[in-house]
Amino acid sequence: MKLTERQQQIIEIVKENEPISGDNIAHSLGLTKSTLRSDLAVLTMTGILDARPKVGYIYSGLGFKPLVQDRLSQMTVQDIMLPPVSVDQETTVQDAITSLFMYDIGTLYIVDEAKNLIGVVSRKDLLRSVSMGNMQTSPVAVVMTRMPNIFVAYPEMPVVQAAKSISRHQVDSLPVMKEQGSRQIIGKVSKTALVNLLIDLTDEE
């Protein structure tokens with residue numbers, strides 16, 4: 001798997017103008033930022049670019065490592081997925097917040113009695129609900145995002161595709177379903193897992 005011509009152009013733009021925002025990169029190429037999301041996700045995941053909040057993209061100086069890219073292209077979600085932390089829809093907002101801090105995670109998965117995924121609630125959702133006042137004793141069902149409006153992954157999905165989905169939809173993690181069409185959640189793939197994978201692969205080089 002090689003870098004595309006556009007990805008090479010992005011690297012050169014960042015080198016010459018760092019730090020530079022995604023909007024300015026897109027403007028330099030005459031494209032929209034959404035068009036570049038996948039390219040930027042690949043470049044940051046492979047460690048070529050570093051994305052810093054409120055600063056922009058910078059060139060890491062690591063350069064392109066074909067072996068790392070090849071390893072990534074061969075890996076699937078089942079290679080890096082982690083156990084999901086789930087609760088039922090009657091769990092209160094306060095208890096959900098406690099679970100987030102207890103497990104040091106950014107997302108809780110809401111399941112029914114059959115352990116099928118029915119919703120997702122993020123740290124942002126919970127903080128937003130608390131800021132509205134008098135929501136601590138409300139069930140998470142009130143603030144969760146419901147199926148089918150949830151972006152998901154599958155065990156056989158390529159890791160790079162999952163990373164692109166997380167970047168494109170700006171979520172902390174994706175629930176991993178047993179198979180396409182299934183509602184049974186068997187794991188999760190998160191930003192943290194992807195970063196740790198990149199570090200491990202880079203250290204091997």
Side-chain angles (χ1 to χ4, degrees), residues 1-14 20-53 55-60 62-82 84 105-107 109 117 120 122-124 145 147-182 185-202:
M1 184 176 179
K2 297 181 179 179
L3 293 181
T4 65
E5 181 179 349
R6 188 162 71 190
Q7 289 165 356
Q8 294 283 9
Q9 290 176 321
I10 292 172
I11 293 172
E12 293 306 314
I13 290 172
V14 174
I20 181 172
S21 68
D23 288 326
N24 287 336
I25 294 173
H27 179 73
S28 298
L29 293 171
L31 301 170
T32 63
K33 185 178 179 180
S34 60
T35 302
L36 298 182
R37 285 194 189 281
S38 295
D39 295 311
L40 292 171
V42 169
L43 293 174
T44 52
M45 187 176 174
T46 53
I48 298 173
L49 299 184
D50 184 17
R52 298 185 177 179
V55 175
Y57 291 91
I58 64 171
Y59 177 61
S60 67
L62 295 178
F64 175 56
K65 296 188 175 183
L67 291 181
V68 170
Q69 190 74 4
D70 288 343
R71 285 286 304 280
L72 284 174
S73 68
Q74 296 170 12
M75 299 186 74
T76 60
V77 164
Q78 63 186 347
D79 295 321
I80 66 166
M81 69 180 186
L82 301 170
I105 53 176
T107 304
Y109 300 105
L117 182 69
V120 169
S122 69
R123 184 175 305 183
K124 291 180 181 178
T145 299
M147 291 290 282
N149 303 312
I150 299 173
F151 304 105
V152 302
Y154 305 97
E156 70 277 7
M157 178 184 286
V159 164
V160 173
Q161 183 179 340
K164 290 178 180 179
S165 183
I166 287 176
S167 175
R168 182 180 303 116
H169 302 301
Q170 299 182 7
V171 294
D172 290 323
S173 65
L174 299 174
V176 181
M177 315 309 287
K178 184 176 182 179
E179 57 190 6
Q180 294 197 30
S182 170
I185 179 172
I186 60 172
K188 72 172 184 177
V189 57
S190 65
K191 287 181 179 178
T192 300
L194 292 168
V195 170
N196 288 338
L197 170 64
L198 178 60
I199 291 173
D200 290 342
L201 292 178
T202 303

What's the spacing between L40 CG and I25 CD1 if we round to 0.5 Å? 5.5 Å
Which atom names give the shortest non-hydrogen contact between I186 and K178, and what distance separates them? CD1-CA, 3.8 Å
Partner residues of S21 under the side-chain hydrogen bond (donor to acceptor under 3.5 Å, both in side chains) criterion, sequence neighbours left out: N24
Please name all residues satisfying side chain to side chain contact (heavy atoms under 4.5 Å, CB included) with I58, sequence neighbours left out, ordered by chain then number. E18, P19, D50, R52
In a check of side chain to side chain contact (heavy atoms under 4.5 Å, CB included) between E156 and each of E179, Q180, Q78, which one passes? Q180
Heavy atoms, side chains only, cut-off 4.5 Å: are I10 and L49 in contact? yes
Non-hydrogen atoms of A51 and P53 that approach each other most closely: O-CD, 3.9 Å
On a heavy-atom basis, the closest approach of V176 and V189 is CG2-N, 3.9 Å
Quick one: which residue pairs count as a salt bridge (charged side-chain N to carboxylate O under 4.0 Å, His left out) with a foot in residues 25-39, not counting sequence neighbours? R6-D39
Check A153 against V77 and note the closest heavy-atom contact, atom names and distance. CB-CG2, 4.3 Å
Only counting residues at least two apart or in another chain, list the ones meeting side chain to side chain contact (heavy atoms under 4.5 Å, CB included) with P158. Q161
List for me each residue that meets side chain to side chain contact (heavy atoms under 4.5 Å, CB included) alongside E12, sequence neighbours excluded, and say none if there are none. K15
Rounding to 0.5 Å, atoms CZ (R168) and OG (S34) come to a distance of 9.5 Å
Contacts of H169 meeting ring-ring contact (aromatic ring centres under 6.0 Å, His included) (sequence neighbours excluded), chain-then-number -> F151
Quick check for you: to the nearest 0.5 Å, what is the distance between I11 atom CD1 and S60 atom OG? 9.0 Å
Indicate yes or no for a side-chain donor-acceptor contact from N196 to the backbone of A193 under 3.5 Å, with no hydrogens or angles considered. no
Let me confirm one number: the CE-CG distance from M177 to L117, rounded to the nearest 0.5 Å. 4.5 Å
Once side-chain hydrogen bond (donor to acceptor under 3.5 Å, both in side chains) is applied, do any residues pair with S165, and if so which ones, sequence neighbours excluded? none
Side chains of T76 and P155: closer than 4.5 Å at any heavy-atom pair? no
Closest non-hydrogen atom pair between D172 and G106, with its separation: OD2-O, 4.0 Å
Within a strict 4.5 Å, meaning less than it, do heavy atoms of the T107 and K188 side chains meet? no
For Y109, enumerate each residue passing the side-chain hydrogen bond (donor to acceptor under 3.5 Å, both in side chains) test, keeping only those at least two apart in sequence or located in another chain. S173
With rounding to the nearest 0.5 Å, note down the distance linking OH in Y59 to CD1 in I20. 15.5 Å
Considering non-hydrogen atoms only, spot the tightest contact between A41 and K164 and give its length. CB-CA, 4.2 Å
Find out whether Y57 and I13 are in side-chain contact, i.e. whether some heavy atom of one side chain is under 4.5 Å from a heavy atom of the other. no
Under the side-chain hydrogen bond (donor to acceptor under 3.5 Å, both in side chains) rule, collect the residues that match up with S28, sequence neighbours excluded. none
Side chain to side chain contact (heavy atoms under 4.5 Å, CB included) partners for A163, two or more places apart: M45, L194
